[in-house]
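A short write-up of the structure that comes next.
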Amino acid sequence: MVVLVYCLILFLTAFVVHVFIWKVRLPKNHSKILLAIFLTVLALGMAAIAFFGKRMAQAGIPVPDRGNDELQLAVCYISVMLAYVVTYSGIEVDSPSLVMVLEIHRAGPGGLAEDAFEKAMDNDRLVIPRLNDLLKGELASLEDGIYRLTAKGRRIARLFCFYRRVLGKEHKGG
Amino acid sequence: MGFIYAMLPMWVFAANVMLQIALSRYVFCSSLLKATLTSFSIGLGALLLLEGFFFGVIKSMVPLADMFGYAMLHMLTYISLGYCYVHFVNLGETARRIRLMRELYEAPGGLSREQILSKYNAAVILENRIGRLLTNEQIRREGGRYFIQRRFMIVTALGIVALKKFLLGKSSERE
């Protein structure tokens, strides 16, 4: 139970720091800063357990054991951190599927006309902002009106192309 | 507490990934979501059984409250990893940035904006997404109108909007 409690305390501490920073000023690169906050809190927490663990145990405060307990703590914390970071990416950018579901929900019991989406969702809303994101994230470059992947972009594209082949997906998705 | 037990959620997660690949290739060829959710659920069931097995083996060495704590910790780890994997698979299937990168990857000489939009545009995105929402029975089409079929997507969408308002102070990136 001790490991679970420490994991939750560390995660909540990182979350509070993250919310505090976001309320003061939104950072430019959200995901990088989020990872930095969560990993710093983990490193500080693990260091505190290593340095003060004995004294805390002597004072009657339960602490995780060295070795496997610390490993489990780090693995669980990093898993929850990654789950939060991927959820956050969905918060940062509007997902068309979620927008569509919300529109249908807002239309009420009468439903939403089939052509309603075609009017509201065009290239300027769905495609161009994501192309600009590729440039901002240095995943692609734009020269003489031609978009090309950067080395970083090619690595990521290769990974997803490979994994789609592993899953046996032929159609292009998107 | 042995290393094998400590890393239990990782082993089960690895098995879940292999099962998901097999299911999406050979069983649920048309629905990645069904393959992913089925393998995740089987993995969760397997993890619970294994926790029970280890509980039987080491119950004399570890207090009951600690056993319960480890089991909860393992469940949290497995659910988080499974969630990340669903997201990863979903990114490859649905993310617009990834689809754009794949189009550019297949054209080593690069593409102009017009060429990109001729391959991937709002009409394609709408068709793909409506198709997926209908296939996964999240929405239904009747008499030329769309209706919500399952509440899950609504709950998710409203949760995301609430978090967006709380963290970013706006409910859409267009605000």
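Throughout, protein chains are lettered first and strands after them, A, B, ... in sequence-line order, and every chain is numbered starting at 1. No experiment lies behind these values; they were computed from the predicted model shown. Just so it is clear, the values below take in all heavy atoms, side chains as well, and ignore hydrogens, waters and symmetry mates.
Looking at B/Leu117, only its side chain comes within 4.5 Å of chain A, counting heavy atoms on both sides. Contacts of A/Arg165 with chain B are made by backbone atoms alone, with heavy-atom separations under 4.5 Å and no side-chain atom involved. If you measure heavy-atom distances from B/Ile98 to chain A, the contacts under 4.5 Å come from the side chain alone. Looking at A/Pro129, neither its backbone nor its side chain comes within 4.5 Å of chain B, counting heavy atoms on both sides. Proximity to chain B is absent for every atom of A/Tyr77, based on heavy atoms less than 4.5 angstrom apart. Only the side chain of A/Leu8 comes within contact range of chain B, judged by heavy atoms closer than 4.5 Å. Looking at B/Ile116, only its side chain comes within 4.5 Å of chain A, counting heavy atoms on both sides. With a 4.5 Å cut-off on non-hydrogen atoms, B/Arg150 does not touch chain A at all. The parts of B/Ile148 that come within reach of chain A are both its backbone and its side chain, each placing non-hydrogen atoms under 4.5 angstrom from that chain. The parts of B/Leu167 that come within reach of chain A are both its backbone and its side chain, each placing non-hydrogen atoms under 4.5 angstrom from that chain. Looking at B/Arg140, there are no atoms closer than 4.5 Å to chain A (heavy atoms on both sides), in backbone or side chain. Looking at B/Phe166, the atoms closer than 4.5 Å to chain A (heavy atoms on both sides) sit in the backbone and in the side chain alike. Heavy atoms of A/Leu167 lying under 4.5 Å from chain B belong to its backbone as well as its side chain.
In this structure, the side chains of A/Leu134 and A/Tyr147 stay at 4.5 Å or more apart for every pair of heavy atoms. Annotation: side chain of B/Met153 is in contact with side chain of B/Gln138 (closest heavy-atom distance under 4.5 Å). Between B/Phe28 and B/Leu33 there is no side-chain heavy-atom pair separated by less than 4.5 Å.
The candidate from A/Asp115, A/Val75, A/Leu142 with the greatest count of non-hydrogen atom pairs under 4.5 Å with chain B is A/Val75. With chain A as the partner, the residue from B/Ile130, B/Leu23, B/Leu8 showing the most heavy-atom pairs under 4.5 Å is B/Ile130. Between chain A and the residues B/Gly109, B/Gly143, B/Pro108, B/Gly131, the most heavy-atom pairs under 4.5 angstrom are made by B/Gly109. Comparing A/Gly168, A/Ala157, A/Ala113 by heavy-atom pairs within less than 4.5 Å of chain B, the highest count is held by A/Ala113. Comparing B/Glu142, B/Gln115, B/Lys164 by heavy-atom pairs within less than 4.5 Å of chain A, the highest count is held by B/Lys164. In terms of non-hydrogen atom pairs under 4.5 Å with chain B, the most contact-rich of A/Gly110, A/Ser141, A/Ala116 is A/Gly110. Ranked by heavy-atom pairs shorter than 4.5 Å toward chain A, the options B/Ile21, B/Ile139, B/Ile154 are led by B/Ile154. The most heavy-atom pairs under 4.5 Å with chain B, out of A/Val99, A/Ile128, A/Leu159, come from A/Ile128. Of the listed residues A/Ile156, A/Val127, A/Leu102, A/Leu73, the one with more heavy-atom pairs under 4.5 angstrom with chain B than any other is A/Val127. Ranked by heavy-atom pairs under 4.5 Å with chain B, the first of A/Asp133, A/Val2, A/Val93, A/Leu131 is A/Val93.
The shortest non-hydrogen separation linking A/Met56 to A/Val63 is CE-CG1, 3.7 Å. The heavy-atom pair separating B/Pro9 from B/Ala6 by the smallest distance is CD-O, 4.0 Å. Counting all heavy atoms, side chain and backbone alike, B/Glu103 lies closest to B/Lys119 at OE1-CD, 3.3 Å.
Under a cut-off of 6.0 angstrom, the local environment of NZ in A/Lys136 is sparse, with at most 12 non-hydrogen atoms contributed by other residues, nucleotides or ligands. For A/Glu138, the CD atom counts as loosely surrounded, since its 6.0 Å shell holds 12 or fewer non-hydrogen atoms of other residues, nucleotides or ligands. Heavy-atom neighbours of B/Met7 CE from other residues, nucleotides or ligands within 6.0 Å: above the threshold of 12. For B/Phe68, the CZ atom counts as loosely surrounded, since its 6.0 Å shell holds 12 or fewer non-hydrogen atoms of other residues, nucleotides or ligands. Heavy-atom contacts from other residues, nucleotides or ligands closer than 6.0 Å to NZ of B/Lys165 number 12 or fewer. Other residues, nucleotides and ligands place more than 12 heavy atoms under 6.0 Å from the CE atom of A/Met46.
Annotation: side-chain hydrogen bond (donor to acceptor under 3.5 Å, both in side chains) contacts of A/His18 (sequence neighbours excluded): A/Tyr84. Take B/Ser24 and apply the side-chain hydrogen bond (donor to acceptor under 3.5 Å, both in side chains) test, not counting sequence neighbours, and it matches no residue.
Interface with chain B: from residues 26-33 of chain A, residues A/Leu26, A/His30 qualify, criterion being any non-hydrogen pair under 4.5 Å.
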Under 3.5 Å donor-acceptor pairs involving side-chain atoms of residues 80-88 of chain B, not counting sequence neighbours:
from    : atom 1 : to       : atom 2 : distance (Å)
B/Ser80 : OG     : B/Leu76  : O      : 2.7
B/Tyr83 : OH     : A/Thr87  : OG1    : 2.7
B/Tyr85 : OH     : A/Tyr163 : OH     : 2.5
B/Tyr85 : OH     : B/Gln20  : OE1    : 2.6
B/His87 : NE2    : A/Val86  : O      : 3.4

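Side-chain atoms of A/Asp69 and B/Tyr70 include a donor-acceptor pair closer than 3.5 Å. Using modelled atom types and a 3.5 Å distance limit, the side chains of B/Arg129 and A/Ser97 yield a donor-acceptor pair.
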